[in-house]
Q: 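Structure in structure tokens, see below.
The chain is numbered in sequence order, starting from 1. Because the structure is a prediction, the values reported are computed rather than measured.
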Amino acid sequence: MVLIFFSIILIAFFHHSPTSFAYPTFKNASESILCPMPYVPSPTIVGEYLNVEINETEFIEEYQVTLFNDCSSFELNSVGYEFTAEKTWKLNVSIPTNCIPGLYSLKVIFKVKNEVRETTQFKCVWLLDEWPENLVIAHLTDSHLPLGGGEVFERALYELNLLKPDVIVISGDIANRGNEELAWVRYRQLYNYSDTPIYIAPGNHDHYGRQEEKYYKRYGSPLYYYIIVGKFLMVFLDTDGDIPFIPESQLEWAESVLREYVDKVKIITFHHPLFVKGYEVTGSWRNVEALRDFMYPEWTTGLGINSAKKLLELIERCDVRLILSGHTHEEHYTLYNERHHFLVNLPAGGSTDEYPSYRFISIDSSGNVSILCRDNLFPYQHPSSYPIGKLTYYYTSFQNETSCSIAVKVSNCLDANITPTFKFILPANKPFKDYEFFPEKPDEMSLYGVNSQYIAYTKVKIPSQQEYYLIVTSFEDKKPPDVSYEYSLADFNTLKINISASDIGWGVKNVKTLYSLDGNVTWVPLDITLMLNEDDDPIKSEHSVLNYEGILAVPLNASSITLKVSAEDFANNTITKTYVFKLELEIRPHITIETDPKIAIYGSTVKIL
């Protein structure tokens, strides 16, 4: 089924497909816009109303509100405004029906005493075309930024930008030390990298140094809050770092929210897990002491057991179906009383010797929970969550004045079937029907006309351990790709080979490299890795040139190396180039015997002549 929407809007930026060539500039919260909050996006339906609260005591003479993201910008319709009892201005605007669903920042221009003022709130509005009947959540936890530079967390977001869950929920320990500003700047950078709304709850590491006002609440979110997504209520709570359970006052607040929205399907997220043992557990909040053997220790004594009792009462009486936690750096699943699903996930960062992962959960408008697992496992079999780093994809594009093509290739090594969403941005200088899809046009597609461009979203199914590619193009490609190489000595007798492949047609699909050490009699495959980023640059999803890296150990008795590089583009055009390295071996440890500055010499040396 193809849905087509056309509108005329302002374009903020142009690019052919999702990409990020540099980490987005750090964006601080606006002190003028009180609502919606930055980086806690407010879910809103296209065609409905949005309230924007401005921290301004003077009379606002006129105003203009605009939503924008990396590919589009929409001016909202003014409905009215009022001065509140809190001495702020509430601007009421409506979302035009031609807006494209997605995650947006918000800009407000208003006039006070003939002075024009402008303020911006980033990543604060989540537009949907309709409220979902089924909510797909990607659950991450314990990223411990900036440990490891956040590469694991960044890789998770890169993969989730393709898998497109409805929301990402992080159950605490975003920062390794909550009083380190670098951790929170890194979090904001990576949030800007995400195409999906992210909602977080604090962990004990986020409370480190007890400077929540300065850091967590400024860069992250309120310590506890709730979000309504149509028929779903998501409540985020704070198991305080000093007392790793939920304080009584906060539980009273949570009870008021849960009872106010009694008709919603309820989801609660907090850091310290309630249950860490037991798969199918039966019990009652009235006799919570009988559940101690299944509970995390801090919940089992003193004030902790009282908090556990009140929490379980809320979960049972208010029928909370899904409870997400982290903290233990272990994976656990408890089905409580056959209807309440407690999930604890492995970290998405921090220590690199662990199994970094994310968990997919689907919950429908009747409260039925489905936990997606890798390799046909069950959620109580560990680890059954999706390992980070097993899904690789790239877009590649070409465009001139008359022609355009975009291709995407996915390598799914997740041990799970996936349904990714592809985004294609194409020039509208010809009817969309003139664009062809190869190998075939997807059945599921949403198409939007945006000024002089088309934005097409397509969904496909990719089985586990399979590769998939899709091309959309306006021209025939008969030109082969091109390849080139560079080399360097990684250490004494190890060559690092860098292969670059490019194509001025549909894009490069495959690159293979063989080498021979015996005069081209025997050919051995050289393992090469696609480089998604370089040095400290961010992971890129779009690549005009594909760069690969391989390591070749050179035997001491080798006299030459022949390297054969083959590339194939998406139109099945191919090219093969052969390179010959002649070698001279010198086995004189720690003695430099060559003065030519162009040749690197080590104690036991491969000299490239």
Q: Under a 3.5 Å distance rule, please check whether Glu159 uses its side chain to pair with a backbone N or O of Gly389 as donor and acceptor.
A: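 A pair under 3.5 Å: yes.
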
Q: Between Asn547 (side chain) and Asn498 (backbone), is there a donor-acceptor pair under 3.5 Å?
A: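 Side chain of Asn547 to backbone of Asn498: no pair is present.
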
Q: Taking the ring of Tyr219 and the ring of Tyr187, is the distance between their centroids below 6.0 Å?
A: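 Ring centroids of Tyr187 and Tyr219 are no less than 6.0 Å from each other.
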
Q: Salt bridge or not for Lys509 and Glu467, using N-O below 4.0 Å?
A: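 Judged by the 4.0 Å cut-off on N to carboxylate O distance, Lys509 and Glu467 do not form a salt bridge.
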
Q: Can you name the side chain to side chain contact (heavy atoms under 4.5 Å, CB included) partners of Thr522, sequence neighbours left out?
A: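 With neighbours one apart ignored, the set is Asp518, Val524.
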
Q: Asp206 and Tyr215: side-chain donor and acceptor closer than 3.5 Å?
A: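 Distance-only check fails for Asp206 and Tyr215.
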
Q: Does any donor atom in the side chain of Tyr216 or Ser221 lie under 3.5 Å from an acceptor atom in the other side chain?
A: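 A pair is found: one side chain offers a donor N or O, the other an acceptor, under 3.5 Å apart.
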
Q: Are Phe570 and Phe438 close enough, and set up right, to give a ring-ring contact (aromatic ring centres under 6.0 Å, His included), and what steps lead you there?
A: CA-CA 9 Å; Phe570 287 103; Phe438 297 97; over 10 Å; no

Q: Return the OG1 to NE2 distance between Thr269 and His139, rounded to the nearest 0.5 Å.
A: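 So the OG1 of Thr269 and the NE2 of His139 are separated by 6.5 Å.
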
Q: Over 60° means perpendicular and under 30° means parallel, so tell me whether His332 and His382 are parallel, tilted or perpendicular.
A: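 Aromatic pair His332/His382 classed tilted.
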
Q: Is the closest basic N to carboxylate O distance between Arg186 and Glu154 below 4.0 Å?
A: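 Result for this pair is yes, salt bridge flagged.
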
Q: Using a distance-only test with no angle check, is there a side-chain donor-acceptor pair under 3.5 angstrom linking His271 and Asp173?
A: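 Looking only at side-chain atoms, Asp173 and His271 do form a donor-acceptor pair, the distance falling under 3.5 Å.
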
Q: Ring-plane angle category for Tyr454 and Phe432, please: parallel below 30°, perpendicular beyond 60°, tilted otherwise.
A: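 Ring orientation of Tyr454 relative to Phe432: perpendicular.
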
Q: Is the distance between the ring centroids of Tyr393 and Tyr158 under 6.0 Å?
A: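 Between Tyr158 and Tyr393, the centre distance is under 6.0 Å.
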
Q: Hey, does the side chain of Asn412 reach the backbone of Ala416 with a donor-acceptor pair shorter than 3.5 angstrom?
A: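 Yes; judged by distance alone, with no hydrogens or angles, the pair exists.
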
Q: Please determine if Lys123 forms a cation-pi arrangement with Tyr191, meaning its NZ or CZ atom is less than 6.0 Å from the six-membered ring centre and no more than 45° off the ring axis.
A: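 Ring-cation test returns no.
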
Q: side-chain contact (heavy atoms from CB on, under 4.5 Å) between Trp184 and Leu145: does it pass, once the steps are laid out?
A: CA-CA 8 Å; Trp184 296 107; Leu145 298 173; over 6 Å; no

Q: Taking NZ, NE, NH1 and NH2 as the nitrogens, is one of them in Lys423 or Asp195 under 4.0 Å from a carboxylate oxygen of the other?
A: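 Between Asp195 and Lys423 there is no salt bridge, as every charged N stays at least 4.0 Å from the carboxylate O atoms.
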
Q: Could you measure the distance from the CG atom of Asp166 to the CD1 atom of Ile137? Nearest 0.5 Å is fine.
A: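 Between Asp166 CG and Ile137 CD1, I get 8.5 Å after rounding to 0.5 Å.
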
Q: Is there a donor in the side chain of Ser325 and an acceptor in the side chain of His272, or the other way round, less than 3.5 Å apart?
A: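 No, His272 and Ser325 have no side-chain donor paired with an acceptor closer than 3.5 Å.
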
Q: Compute the centroid of each ring, for Tyr104 and then for Trp126, and state whether the two points are separated by less than 6.0 Å.
A: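 Aromatic pair excluded; centres sit 6.0 Å or further apart.
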
Q: Would you call Glu331-Arg359 a salt bridge at under 4.0 Å N-O?
A: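 Yes.
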
Q: Taking the six-membered ring for Trp, is the centroid-to-centroid distance between Tyr386 and Phe360 below 6.0 Å?
A: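 Judged by ring-centre distance (under 6.0 Å), Tyr386 and Phe360 do meet the cut-off.
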
Q: Give a yes or no answer on whether the side chain of Thr396 reaches the backbone of Gly507 with a donor-acceptor pair at less than 3.5 Å.
A: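 Side chain of Thr396 to backbone of Gly507, a donor-acceptor pair under 3.5 Å: no, none is there.
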
Q: Atom SG of Cys124 and atom OH of Tyr39: how far apart are they, to the nearest 0.5 Å?
A: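 Taking SG in Cys124 and OH in Tyr39, the distance rounds to 9.5 Å.
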
Q: I'd like to know if the side chain of Thr473 pairs up with that of Trp506 as donor and acceptor (distance under 3.5 Å, no hydrogens or angles considered).
A: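 Side chains of Thr473 and Trp506: pair found under 3.5 Å.
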
Q: Compute the centroid of each ring, for His144 and then for His329, and state whether the two points are separated by less than 6.0 Å.
A: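 Between His144 and His329, the centre distance is under 6.0 Å.
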
Q: Without hydrogens or angle criteria, can the side chains of Ser397 and Glu542 be said to hold a donor-acceptor pair below 3.5 Å?
A: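 Ser397 vs Glu542: donor-acceptor pair found between side chains.
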
Q: Checking Asp375 side chain against Leu377 main chain: does a donor-acceptor pair fall under 3.5 Å?
A: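 Flag not set: sc Asp375 to bb Leu377 has no pair under 3.5 Å.
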
